[in-house]
**Q** 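This structure is in structure tokens; I'll ask about it shortly.
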There are 2 protein chains.
Amino acid sequence: MAENNQKLRIKDIAVLAGVSEGTVDRVLHNRGDVSAKSREAVTKVLDEMNYSPNLLARSLASKKQYRFVCIFPTFQSGEYWETVDKGFDLAAQEFQHHNVFIEKKYFNQYDTQSFVNVSNEILQNEPDAVFVAPVFKNETLDFTAELSKRHISFSFIDSQIEEANFLTYYGQNSFKSGYIAAKLLLALMPEGAQILVIRTKRKGSGSNQTFSRSKGFMQFIQDKGLSNRIEIVNVEFSNDDELENLATLKQIFSTHSNIKAAITFNSKVYRLASLLEALKETNIRLIGYDLLDENVKYLQQGVINFLIAQRPDKQAYFSVRDMCRELIFRQEIKKINYVPIDILMKENIEDYMQFSEYI
Amino acid sequence: MAENNQKLRIKDIAVLAGVSEGTVDRVLHNRGDVSAKSREAVTKVLDEMNYSPNLLARSLASKKQYRFVCIFPTFQSGEYWETVDKGFDLAAQEFQHHNVFIEKKYFNQYDTQSFVNVSNEILQNEPDAVFVAPVFKNETLDFTAELSKRHISFSFIDSQIEEANFLTYYGQNSFKSGYIAAKLLLALMPEGAQILVIRTKRKGSGSNQTFSRSKGFMQFIQDKGLSNRIEIVNVEFSNDDELENLATLKQIFSTHSNIKAAITFNSKVYRLASLLEALKETNIRLIGYDLLDENVKYLQQGVINFLIAQRPDKQAYFSVRDMCRELIFRQEIKKINYVPIDILMKENIEDYMQFSEYI
DNA sequence: TGAATTTCCGTGTCCGCACACGACACGAAA
DNA sequence: TTTCGTGTCGTGTGCGGACACGGAAATTCA
């Protein structure tokens, strides 16, 4: 494709077009103060030999600094958002020489007000771009509306809010990933099998992601006409009381004798795994989401059969990269970016994690 | 982690160490002509404030050119090696401003002599680095031995030859991927099911990859004690005569009435899919390797149930990146790199391909 | 018509680094 | 003492591009 990669410098362009280097510069950057004649001459030369500027040299020379701010939930070691954090760090490292500096801000994903506070802080000293994990829809919309008003670009990761005027979105198609989960979990299930579907009570509005996954899951059952061949057993977990959950489960098992599979739509499948282990209910096909350390542990032990992953680090990294392409390099970018629905099992988790780590 | 990323330039180091910039440069590049005293002073300052050079500026200033040559099989559109090719192209684009220029050389993977010829060509005008897909073991060893003798670094992609002194290897753990294929294919197979295992006659030595996959596949059967619950039906295909293969299959089906699944260990599962379709044998669980256009087509149609992929473009790209890290940036690299064993189904193939395309 | 603007454009400097060149000191050989 | 290495080191220039500055030409205004 890119065949004529002769090393073309501005100097050469200037000679060919019969103007000065300064003029070429003006045309390249679409500055106003160029006569129509000069502009035309340069443009012509420019796309005859399709010139691409040396981005390295460009950033070297440019003294413009960029401040990017990320805002997403706090986390503890081994949790989901830690991987996102790593992705931002990697981007920070990669793009620091292009004069972009990344700040990370965290909020409590169970506390709306904490998001509002942090987002206000961000608005105080205006950054050049913002990356948001839109956990709270309304509050995020308030925030992004203000950003738009001030002409600050922003991108979504993890999930999106369609009404907002975001630059890019990186995240998984959760409906599809729920559909796939069903397919993996329910393939060749015997007649009459009972399937445990765990949901966690959450204060405030439930997460979009888990809801869509659940819809996808149900859609599969409907598509394949499984609703009268298997039985879905809905269970509601408490978010903090593990003993209560154990009791709930015990009770369920005492009244359901043919439970063959189980799923959770959030990333906390390790809790279910742990409870099932405690109950010695080991012969249950189990599937969950995201590579939390604990999840991976149970996957490797064979308690969890499948984990579905969504490359959180890449979501962060590519968001930053695309923002640079937009603001600095002026390259084409794509708005909606679905990350792959990665299927992990005991046997392929190791290589997968090693490879991601190393980018 | 990388907290103290103050913008430190050579100039600053020089001042702090009380020497000239030239001297700092000599220390940084381990040149000989520095007095022990100066060297020590600079070194001390250097690791007090841990300095990291601006790689952009470095490449900009350096006039050294690097010529990298890749040698791998020819391909037609939509085939496996095309993706590898794309990966090299992307790397070429990315690293051209670091003064590396990539040449691609192709050989006929069914003709040993063509490999020998091309590798000799490469030796004629010595490149700075070589990337090899070691299809022919002995001939590759001859080649790499000569490269080693001339101190030309080389890397393997796709498969490796342990005896050679390669810089990096990117490829899939084929044994594991065979194991996984078995797991996906044979999960919950009914008693007495017959499983079709297709192998293709190949002139010369068979491919390492397909052989290891087959071993992994069999290992799963052994591990799970399936050998007396299911029956493996081995079938040998011709590489070119599709009519003959059709006849073979027809014959097999006439003598085996309980065929439930089928697999090929090379990337040509689309041929099997096509034959099965022709024979109206549609209710067979089918799995294969690699995202050839044709394979993807059958996957999307639901004829193929699973495809196992191995990110060929990333193998190529990262090989080049690591070579740059070694020769130019002097960074740490890892020798053996297993790429993930990606599991693709009808429902996740689309996002997967879109995402890879966009890197 | 001369002065004041406005429009257009060329030059010079710097970004952080690599490298060639030449300067300088010192000691040994002539 | 002169001459000539040898071992150290400082300076200058350039990589490709961004941008400020100021000058010249074109235009407007008095």
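All values derive from a computational prediction rather than experimental measurement. Because only heavy atoms are used, hydrogens play no part in the values below, and waters and symmetry mates are left out as well, while side chains stay in.
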**Q** Starting at atom NE2 of H98(B), determine the distance to atom C1' of dC17(C), rounded to an integer number of angstrom.
**A**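 So the two atoms are 14 Å apart, to the nearest Å.
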**Q** Measure from the side-chain heavy atoms of A57(A) and tell me the nearest of dG16(D), dG16(C), dC9(C).
**A**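 Among the listed nucleotides, the one closest to the side chain of A57(A) is dG16(D).
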**Q** Counting side-chain heavy atoms from CB outward, which of dG17(D), dG16(C), dT8(D) is closest to D33(B)?
**A**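 Within the option list, the nearest is dT8(D).
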**Q** What's the NE2-P distance between H97(A) and dG17(D), to the nearest Å?
**A**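 So the NE2-P distance, H97(A) to dG17(D), works out to 20 Å.
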**Q** For the side chain of D25(B), counting heavy atoms from C-beta on, which of dC21(C), dG17(D), dA18(C) is nearest?
**A**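 Of the candidates, dA18(C) comes closest.
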**Q** Name the closest nucleotide to the S20(A) side chain, picking from dA18(C), dG10(C), dC15(C).
**A**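 Of dA18(C), dG10(C), dC15(C), dG10(C) is nearest to the side chain of S20(A).
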**Q** Report the distance from atom CG of N30(A) to atom C1' of dC19(D), rounded to the nearest whole Å.
**A**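 Rounded to the whole Å, the gap is 16 Å.
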**Q** Do the side-chain N and O atoms of T168(B) and S155(B) include a donor-acceptor pair separated by under 3.5 angstrom?
**A**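 Indeed, the side chains of T168(B) and S155(B) share at least one donor-acceptor pair under 3.5 Å.
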**Q** Would you kindly give the CG-to-P distance between D12(A) and dC15(D), to the nearest whole Å?
**A**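 Taking CG of D12(A) and P of dC15(D), I get 11 Å after rounding.
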**Q** Counting only side-chain N and O atoms of Y51(A), is one of them less than 4.0 Å from OP1 or OP2 of dG16(D)?
**A**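 Answer no for this pair, as no side-chain N or O of Y51(A) is under 4.0 Å from OP1 or OP2.
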**Q** What are the two closest heavy atoms between I157(B) and P134(B), and how far apart are they?
**A**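 Of all heavy-atom pairs spanning I157(B) and P134(B), the closest is O-CD, 3.3 Å.
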**Q** Could you state the atom-to-atom distance from CD1 of I13(A) to P of dG17(D) in whole Å?
**A**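 Nearest whole value for this atom pair: 8 Å.
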**Q** For the residue pair V339(A) and Q315(A), establish whether any side-chain heavy-atom pair is separated by less than 4.5 Å.
**A**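 In contact.
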**Q** For the side chain of V19(B), counting heavy atoms from C-beta on, which of dC17(C), dG10(D), dG16(D) is nearest?
**A**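 Minimum distance to the V19(B) side chain belongs to dG10(D).
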**Q** Measuring to OP1 and OP2 of dC17(C), would you say a side-chain N or O of R58(B) lies under 4.0 angstrom away?
**A**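 No, R58(B) has no side-chain N/O under 4.0 Å of OP1/OP2 on dC17(C).
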**Q** In whole angstrom, give the distance that lies between atom CG of L55(B) and atom C1' of dC15(C).
**A**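 Those two atoms, CG and C1', are 15 Å apart.
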**Q** Counting side-chain heavy atoms from CB outward, which of dG17(D), dA18(C), dC21(C) is closest to R26(B)?
**A**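 The closest nucleotide is dC21(C).
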**Q** Between Y170(A) and D158(A), do the side chains contain a donor N or O and an acceptor N or O under 3.5 Å apart?
**A**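 Result is no, nothing qualifies.
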**Q** Can you confirm whether D12(A) sits close enough to Y51(A) that some side-chain heavy atom of one is under 4.5 Å from a side-chain heavy atom of the other?
**A**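 Side chain of D12(A) against side chain of Y51(A), heavy atoms only: no contact under 4.5 Å found.
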**Q** Quick one: on DNA chain D, does G32(B) or K63(B) contact a more 5' nucleotide (nearest heavy atom)?
**A**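 Nearer the 5' end of the strand: G32(B).
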**Q** If each of L60(A) and R31(A) is mapped to the nucleotide of DNA chain D with the nearest heavy atom, which maps nearer the 5' terminus, i.e. the 5' end?
**A**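 Counting from the 5' end, the first nearest nucleotide belongs to L60(A).
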**Q** Starting at atom CG of L56(A), determine the distance to atom P of dG17(D), rounded to an integer number of angstrom.
**A**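 In whole Å, dG17(D) P lies 10 Å from L56(A) CG.
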**Q** Looking at dA18(C), I'd like to know if its phosphate oxygens (OP1 or OP2) sit under 4.0 Å from a side-chain N or O belonging to H29(B).
**A**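 H29(B) to dA18(C) OP1/OP2: side-chain N or O found under 4.0 Å.
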**Q** Which nucleotide sits closest to the side chain of K11(A): dC15(D), dG16(C), dG10(C)?
**A**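 Taking heavy atoms from C-beta onward, the closest nucleotide is dC15(D).
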**Q** Less than 4.0 angstrom between a side-chain N/O of S38(A) and OP1 or OP2 of dC9(C), yes or no?
**A**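 For dC9(C), OP1/OP2 do have a side-chain N/O of S38(A) under 4.0 Å.
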**Q** Closest approach to the side chain of N54(A), judged atom by atom: which nucleotide of dG16(C), dG16(D), dC19(C) is it?
**A**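 Nearest to the side chain of N54(A) among the choices is dG16(D).
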**Q** Are the side chains of F154(B) and F143(B) in touch, meaning some heavy atoms are under 4.5 Å apart?
**A**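 They are not in side-chain contact.
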**Q** Between S35(B) and dC9(D), is there a side-chain N or O to OP1/OP2 distance below 4.0 Å?
**A**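 Indeed, a polar side-chain atom of S35(B) lies that close.
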**Q** For dG10(D), does OP1 or OP2 lie under 4.0 Å from any side-chain N or O of T23(B)?
**A**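 Yes, because at least one side-chain N or O of T23(B) sits under 4.0 Å from OP1 or OP2 of dG10(D).
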**Q** In whole angstroms, how far is the C1' atom of dC15(C) from the CD1 atom of I10(B)?
**A**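 Nearest whole value for this atom pair: 13 Å.
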